[in-house]
Asks: 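Below are the structure tokens for one structure; questions will follow.
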Amino acid sequence: MHELLGANGGSKRLLLGNQAIVRGALEAGISFATTYPGTPASEIGDNFYRISREIDLYFEYSVNEKVALETAAAAAVSGLRSMCSMKHVGLNVAADALMTLAYVGVKGGLVIVSADDPSLHSSQNEQDNRYYAKLSGLPMLEPANSQEALEMTRAAFTLSESHQIPVLLRTTTRVNHSRGVVTLGTLQPPQRSGSFEKDPFNLVVVPMVGRRLHVELLKKSHNLRAEANHSPFNTASGEGSWGIVTNGVSYNYVVDAIRELKLGDRIQVLKLGMTYPFAAELCLDFLKGLERILVVEELEPFMEEMLKVAAQESGLTLEIRGKEDDLLPRYFEFDPVQIKTAMARFFELDYQPPKVEPGPELPQRPPNLCAGCPHRATYYAVKQALGEGTAIYPTDIGCYTLGLLPPLQTADFLLCMGSSVSSAGGFSKAQDQPVVAFIGDSTFFHSGITGLINAVQNDHNFTLVILDNGTTAMTGQQPHPGVELTVEGPQPPKVDIEAVVRGCGVDQVLVVQPLQVRKTIGSIKEVLEGDENPGVRVIISKSPCPLFERRVTGRKQKVVFKVTEECDMCRRCLDELGCPAFTYCEDEEDCAYIRIDELLCSGCSVCAQMCHAVTPKKKSA
Amino acid sequence: MEVEGWAVWPRGSCMDSWRIFFTGVGGQGTLLATRILGEAALLTDVQVVVSEIHGMAQRGGVVESAVVMGKVLSPVVSDGEADVLMAFEPLEALRALRKCSAHSLVIANTSPISPFAVSSGKVQYPDVSEMMRTVSGHVGKLIALNARSLARGAGSELAVNMVLLGTLMRQERLPFGREPVETVIKTRTRKPFVEINLEAFDLGFQVV
Ligand SMILES: Cc1ncc(C[n+]2csc(CCOP(=O)(O)OP(=O)(O)O)c2C)c(N)n1
Ligand code: SF4
């Protein structure tokens, strides 16, 4: 049984924030869950996926976040308790649906999880998605730890249902990926099926309907504001004449700082868990009688600005500070010393942060494509096919973005998922260098297809390489519509990438197996040299991620490769492939040689095809 | 080897909070080690938070995590505030030295894993003894050991994490002893590896 299903109410578990969210949803009787994977949200969907095989819960990995939200919206409008989870930038993709879903509302509770990533641990930006609550008018909850993640998720379903509006659960990486002790509640079984009642003049948003629904939404907001003022998640504690207003993970830093700086009798803390609508009356009550207020929140001055507005409206003139004068930065996540330092500066206290020696310059250790990764083979082949020529390489998001680093250096431009295809078209129209763009298979389904159609329609001129490794590797090997390898054995893909590409109107389509190095270089050369017949050319480079392949097939690796005496130290393997299994060594007489680490070698044979000195040998058990 | 420079454990037996910072290279099992320590704390009713960063672990990058116990709630360990640094790789020990103070206990594996710039012959891997000397000069106590060879002795090089946990538990710095950790190893690690893991833990425990 799945670990989140087995545990009884009342028992204690050490749970990741993401597991606690799933457990909270199960305790609320969730029936329907959708997601598109993305760090730091991925474990929410991955747990639902496994749980959905054991209980009557519908779960899907949707093709992208917009699709995931729209799918979940239908379930919620049909009365089912539903959840849609995604990383912060996913909400940009889903924003079009989000904004109007706020008007339409829901019947069954709908909780939308936005997992933000301050410090960009694994993201392209660190946008503060709390503004989506303000922009859309949706209520928002922000847990500070795993226990709250569970409780707020459970409460979010009730809140959503009683106001017939989706609720945003906004987390940050440190909440999603911290494990904390959680006391569990009781599980509730999912509801088998919902029912939809036709109601077009509330559910079909033509202007006439939308006008009325907007006014309705503002009424809901008004009522939700009263909820926020009385929310059990908005709590004041402590004593003294100074105040701190804080939220989410920052609350932990504040509590620790008060204890360590021995300020227990001087500072009151207002912790906001329901941060939108803004609990203005509650906050004003808190402000009254205090001398000065520090607002401790990561990223943007979201609460700070609302607090200042509320204070101004009621004529309070006390000092409220946060992001100004670099007291607290608007970038990156906080850490405990930073909060102690800011508190000491603002409240004029004696505190010396620990002295930190700037360490010596050390060799960096950036992540690298795995040994045997087919992406490396594809990049190598494209560069060989181009020879002395160069090209602009618009790229996309996934493991393959690691091609950015030397020696491959096959990445020149990237914005967000799908930008490879569309920007390639733009480059081809804006300048004269040839353009070769790269996109992963999951990313292609997520948001590459529209760009491809656009390129065909507008006669863009570039080559698109689709890196089809049969899975969504970067985020934990989630399935996508083109998956062929499954634990139950190989199956035909539900959606065939080549058929999609041809269906988009592309005539010049080539499928290559990148681990067949010479053949692939030859084929790519032909495609690239066909530059005289302009248009969109697509190369589908198809070979499974070896980590994924080994996991699903359970196949054991039989061969590894070794460097023989034939090696003349030309260094091409090191300088052109950059496979992490290769090591440059020197023996006692300072004589250089190259070695392949047997533990790392995955037996892909790409190096053996480019160099006569590399030969196979049986892998020792 | 034990390096000179042992200072008194910062707050002696009246400690009410513990911050343990873990660093290593993807694939070394740092996250399993933090999780085991977290579960052991839960077993013994010690308040605990474990913080992990997922995402890059598979691809040879640096993996950092933390276990904080007792009165502390903050999941992040600031520079200069780690009570213990568990370094699974010597270069990463030095890189994470900023987390330590003159009071910190450091347990470091001396078996290096070359970053790509080193294995491609572009730069040299720094001298391990030299790095350990630098670390020891800045902290309360350093225990440097070849956890990889001990793990190999226990039956698998993958058990470096268990060796280092054993060494940590021997120091008796935490609010619980070795038993809950061994219980968690028995119940939470994969069946075929339990024996090896316990053996590795014990070999680590022998190191003082
Ligand atoms: C809008 C958005 N959603 C999700 C993500 C998270 N994310 C990063 S890469 C990736 C998938 C990559 O899969 P694929 O394109 O198949 O490449 P692979 O990692 O398999 O090489 C995802 C989902 C994101 N960056 N942006
Ligand atoms: S996980 Fe798979 S796709 Fe990603 S770098 Fe490793 S081998 Fe390549």
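Every heavy atom of this structure was used, including side-chain atoms; hydrogens, water molecules and symmetry mates were not. Being a predicted model, the structure only gives us computed values, none of them experimental. Residue numbering restarts at 1 for every chain, and letters A, B, ... go by the order of the sequence lines.
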Asks: Show your reasoning for whether salt bridge (Lys or Arg N to Asp or Glu O under 4.0 Å) applies to A/K12 and B/E39.
Replies: CA-CA 11 Å; A/K12 284 185 174 176; B/E39 294 280 359; over 6 Å; no
Asks: Please confirm whether the backbone N or O of B/L73 pairs with a side-chain atom of A/D256, one donor and one acceptor, at under 3.5 Å?
Replies: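 Pair found, side chain donor or acceptor close to backbone of B/L73.
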Asks: Below 4.5 Å from any heavy atom of chain A, which atoms of B/V49 appear? Answer side chain, backbone, both or neither.
Replies: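 For B/V49, heavy atoms of backbone and side chain both lie under 4.5 Å from chain A.
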Asks: Tell me, for A/E3 versus chain B, whether the close heavy atoms (under 4.5 Å) come from the side chain, the backbone, both or neither.
Replies: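 Looking at A/E3, just its side chain touches chain B.
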Asks: Less than 4.5 Å to any heavy atom of chain B: does that hold for the side chain of A/P366, its backbone, both, or neither?
Replies: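 For A/P366, the backbone is the part near chain B, not the side chain.
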Asks: Quick one: what part of A/D597 sits under 4.5 Å from any heavy atom of chain B, side chain, backbone, both or neither?
Replies: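 It is neither, since no heavy atom gets under 4.5 Å.
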Asks: If you round to the nearest 0.5 Å, how far is CZ of A/F582 from OG of B/S119?
Replies: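 One gets 10.5 Å once the value is rounded to the nearest 0.5 Å.
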Asks: If you tally heavy-atom pairs under 4.5 Å against chain B, which of A/E333, A/R571, A/Q338 wins?
Replies: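 Ranked by contacts with chain B, first place is A/R571.
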Asks: So, the side chain of A/R365 versus the backbone of B/E92: is there a donor-acceptor pair under 3.5 Å, distance only?
Replies: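 Not a single qualifying donor-acceptor pair exists.
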Asks: Are the side chain of A/S178 and the backbone of B/S51 linked by a donor-acceptor contact shorter than 3.5 Å?
Replies: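 Not confirmed, A/S178 side chain does not pair with B/S51 backbone.
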Asks: Using a cut-off of under 4.5 Å for heavy-atom pairs, which of A/L362, A/V254, A/N176 has the most such pairs with chain B?
Replies: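 Between A/L362, A/V254, A/N176, the count favours A/L362.
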Asks: Please state whether the side chain, the backbone, both or neither of A/C579 comes within less than 4.5 Å of a heavy atom of chain B.
Replies: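 For A/C579, the backbone is the part near chain B, not the side chain.
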Asks: Should B/I53 and A/T173 count as side-chain neighbours, where that means a heavy-atom distance under 4.5 Å?
Replies: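 Heavy-atom side-chain distance check passes, below 4.5 Å.
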Asks: Less than 4.5 Å to any heavy atom of chain B: does that hold for the side chain of A/Y253, its backbone, both, or neither?
Replies: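 For A/Y253, heavy atoms of backbone and side chain both lie under 4.5 Å from chain B.
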Asks: Among the options A/T475, A/L16, A/L14, A/L599, pick out the one with the most heavy-atom pairs lying under 4.5 Å from chain B.
Replies: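 That would be A/L14.
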Asks: Would you say CD of B/Q124 has more than 12 non-hydrogen atoms from neighbouring residues, nucleotides or ligands within 6.0 angstrom?
Replies: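 Atom CD in B/Q124 is not packed in, count stays at 12 or less.
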Asks: Which atoms of A/V255 come close to chain B, meaning under 4.5 Å heavy atom to heavy atom: side chain ones, backbone ones, both, or neither?
Replies: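 Just its side chain gets close to chain B.
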Asks: Under the salt bridge (Lys or Arg N to Asp or Glu O under 4.0 Å) rule, what do B/E81 and A/K340 come out as? Steps first, then yes or no, please.
Replies: CA-CA 12 Å; B/E81 289 203 331; A/K340 281 182 272 193; 2.5 Å; yes
Asks: Please look at A/P406 and chain B and tell me whether the side chain, the backbone, both or neither of the residue comes under 4.5 angstrom of a heavy atom of that chain.
Replies: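 Backbone only.
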Asks: Mark yes or no for whether A/R179, through its side chain, and B/V48, through its backbone, hold a donor-acceptor pair below 3.5 Å.
Replies: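 The answer is no, because no donor-acceptor pair under 3.5 Å joins these two groups.
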Asks: Any side-chain donor-acceptor pair under 3.5 Å between B/S74 and A/N252?
Replies: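 B/S74 vs A/N252: no donor-acceptor pair found between side chains.
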Asks: Could you tell me which of A/V175, A/V356, A/V249, A/I339 has the largest number of non-hydrogen atom pairs under 4.5 Å with chain B?
Replies: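 Between A/V175, A/V356, A/V249, A/I339, the count favours A/V356.
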Asks: Show the numbers, then the answer: is there a side-chain contact (heavy atoms from CB on, under 4.5 Å) between A/Q364 and B/R95?
Replies: CA-CA 10 Å; A/Q364 293 298 309; B/R95 207 191 305 279; 4.1 Å; yes
Asks: Which answer fits B/L97, side chain, backbone, both or neither, if we ask what part of it has an atom under 4.5 Å from a heavy atom of chain A?
Replies: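 Contact with chain A involves no heavy atom of B/L97 at all.
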Asks: Could you look at B/E89 and say if it's the side chain, the backbone, both or neither that has a heavy atom under 4.5 Å from chain A?
Replies: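 It is the side chain, since no backbone atom gets that close.
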Asks: Taking the side chain as C-beta and beyond, is there a heavy-atom pair between B/K122 and A/L574 under 4.5 Å?
Replies: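 Contact flag for B/K122/A/L574 side chains = no.
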Asks: Any side-chain heavy atom of A/F334 within less than 4.5 Å of one from B/S78?
Replies: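 The answer is no, as the side chains (C-beta and beyond) never meet within the 4.5 Å cut-off.
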Asks: Counting heavy-atom pairs under 4.5 Å to chain A, which of B/V76, B/D79, B/L42, B/T34 comes out on top?
Replies: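 The option with the most such pairs is B/V76.
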Asks: I need the residue from A/G359, A/G180, A/P580, A/G578 with the largest number of non-hydrogen atom pairs under 4.5 Å to chain B.
Replies: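 Max contact count across the listed options: A/G578.
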Asks: For each of A/E260, A/R13, A/R595, A/E586, tally heavy-atom pairs with chain B at distances under 4.5 Å, and name the one with the top tally.
Replies: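 That would be A/E260.
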Asks: Between B/S114 and chain A, which part of the residue has a heavy atom less than 4.5 Å away: side chain, backbone, both or neither?
Replies: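 Only the backbone of B/S114 comes within 4.5 Å of chain A.
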